[in-house]
Amino acid sequence: MAVYLSDILYKLAGSDYASIISEAISSGDFTDENLVKAAELLKETADAGLFQSGYDSQDYGTAQNLFTNGQAAMFYMGSWEASMALNEDIPEEVRTNIRMFTMPVIEGGKGTAADIAAWNGGGYGVSANSEVKEEAIKFLNYMYQKDKLSKYGWENGVGMSAQDQTEYMAGDETELQMQFVDAVNDAASVSGTPVNDCGPSSFKTSIESQIQSVSNGSISVEDFLATIGKECK
């Protein structure tokens, strides 16, 4: 849900997105009008019934199952779930008809349809105290050659990496895969890191828990923004 909030904020703020987040986290002041509006729109989304019943207490797997079983019309998720189109555990009628779209524009917002929420993440590190430090480094250097892990991921429809996969396209890619490629190729800009990953660990914990409370009306937008701001000071 914090990523969803970031997506809304990017459509509202456009190129000001990163500076708004940076300033809020460095100062602990989350009263910027774009942040307030983004939180309000998140609450309106929940109030309008766009989320499933019990969404605020359900986990990733539950939400995914609702979608892959045909009980939910949409699944707010990233390109790492592109492999659903190849997963034979998912009913054929569902998996062959999965398509994607990016967050719609928001009236009055600075972000356009070509400004999309996207970022690269998920890196690896090797502990300085590892008993197999040198071997681990060699393994990662091997797996991160362009024709290894990234290529294998592409061929199995497992998301997208930050490299051009053109030379590995065989023509049998799923429509879902190619939609992700088109979205990135057509993007005028990408958001970068979502808000919940921009601050200290205490902030991340706070926003990821408090955001459920603001969406279901347990706390006000003002209290939500003040609470997460306190974790940045």
Side-chain angles (χ1 to χ4, degrees), residues 1-13 16-67 72 74-81 102-103 106 111 116-130 158-159 162 190-233:
M1 292 186 70
V3 176
Y4 184 76
L5 178 69
S6 301
D7 211 343
I8 295 173
L9 178 61
Y10 194 48
K11 280 294 190 284
L12 286 172
D16 294 332
Y17 168 85
S19 61
I20 289 172
I21 293 177
S22 177
E23 175 60 29
I25 288 176
S26 63
S27 66
D29 182 357
F30 280 75
T31 59
D32 180 278
E33 62 179 352
N34 290 286
L35 286 164
V36 174
K37 181 63 175 176
E40 289 174 345
L41 286 174
L42 172 68
K43 175 69 166 56
E44 289 178 22
T45 301
D47 289 345
L50 267 68
F51 301 147
Q52 73 273 20
S53 177
Y55 72 91
D56 52 347
S57 61
Q58 293 173 349
D59 61 13
Y60 189 113
T62 301
Q64 183 183 54
N65 287 336
L66 285 171
F67 179 70
M74 294 178 284
F75 183 39
Y76 184 76
M77 197 42 60
S79 65
W80 53 88
E81 286 289 6
T102 57
M103 177 72 82
I106 296 174
I116 65 173
W119 67 95
N120 300 313
Y124 290 90
V126 176
S127 170
N129 298 320
S130 171
V158 186
V190 296
S191 64
T193 309
V195 61
N196 53 314
D197 285 339
C198 289
S201 59
S202 58
F203 168 76
K204 179 178 177 65
T205 300
S206 179
I207 189 172
E208 290 180 358
S209 60
Q210 294 297 323
I211 199 167
Q212 299 173 56
S213 297
V214 72
S215 68
N216 65 26
S218 297
I219 61 173
S220 67
V221 168
E222 292 75 15
D223 286 346
F224 164 68
L225 296 173
T227 298
I228 62 176
K230 290 177 182 177
E231 298 300 332
C232 298
K233 296 179 179 179

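Numbers here simply count residues along the sequence, with the first being 1.
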Subject >> From CD1 (Ile219) to CD (Gln212), nearest 0.5 Å >> reply: 10.5 Å
**OP:** For Ile116 and Tyr10, run side chain to side chain contact (heavy atoms under 4.5 Å, CB included): C-alpha distance rounded to whole Å, both residues' side-chain angles, the deciding distance at 0.1 Å, then the answer.
**Re:** CA-CA 8 Å; Ile116 65 173; Tyr10 194 48; 5.7 Å; no
**OP:** Begin from the C-alpha positions of Ile211 and Asn196 and carry the test side chain to side chain contact (heavy atoms under 4.5 Å, CB included) through to its verdict.
**Re:** CA-CA 10 Å; Ile211 199 167; Asn196 53 314; over 6 Å; no
Original post:
Of the options Thr227, Val221, Leu35, Ile20, which is the one that meets Phe30 in a side-chain contact (heavy atoms from CB on, under 4.5 Å)?
Top reply: Leu35
**OP:** Report the residues that fulfil ring pair (Phe, Tyr, Trp, His ring centres under 6.0 Å) with Phe67, sequence neighbours left out, ordered by chain and then residue number.
**Re:** Phe75
Original post:
Ser218: what forms a side chain to side chain contact (heavy atoms under 4.5 Å, CB included) with it, not counting sequence neighbours?
Top reply: Ser213, Asn216
**OP:** With rounding to the nearest 0.5 Å, note down the distance linking OG1 in Thr205 to CD in Gln210.
**Re:** 11.0 Å
Original post:
Can you list the residues that meet the salt bridge (charged side-chain N to carboxylate O under 4.0 Å, His left out) rule with Glu208, with sequence neighbours excluded?
Top reply: Lys204
Subject >> Tyr76/Tyr55 aromatic ring centres below 6.0 Å >> reply: no
Subject >> Minimum heavy-atom distance between Ser27 and Lys233, given as atom pair plus value >> reply: O-CE, 3.6 Å
**OP:** Would you check, one step at a time, whether the test side chain to side chain contact (heavy atoms under 4.5 Å, CB included) holds for Thr193 with Ile21?
**Re:** CA-CA 10 Å; Thr193 309; Ile21 293 177; over 6 Å; no
Original post:
Do Ser130 side-chain atoms and Ser127 backbone N/O form a donor-acceptor pair below 3.5 Å?
Top reply: no
**OP:** Carefully, step by step, assess Thr62 and Asp59 under the rule side chain to side chain donor-acceptor pair (under 3.5 Å).
**Re:** CA-CA 5 Å; Thr62 301; Asp59 61 13; 2.8 Å; yes
Original post:
What is the distance from atom CG of Leu9 to atom NZ of Lys37, rounded to the nearest 0.5 Å?
Top reply: 13.0 Å
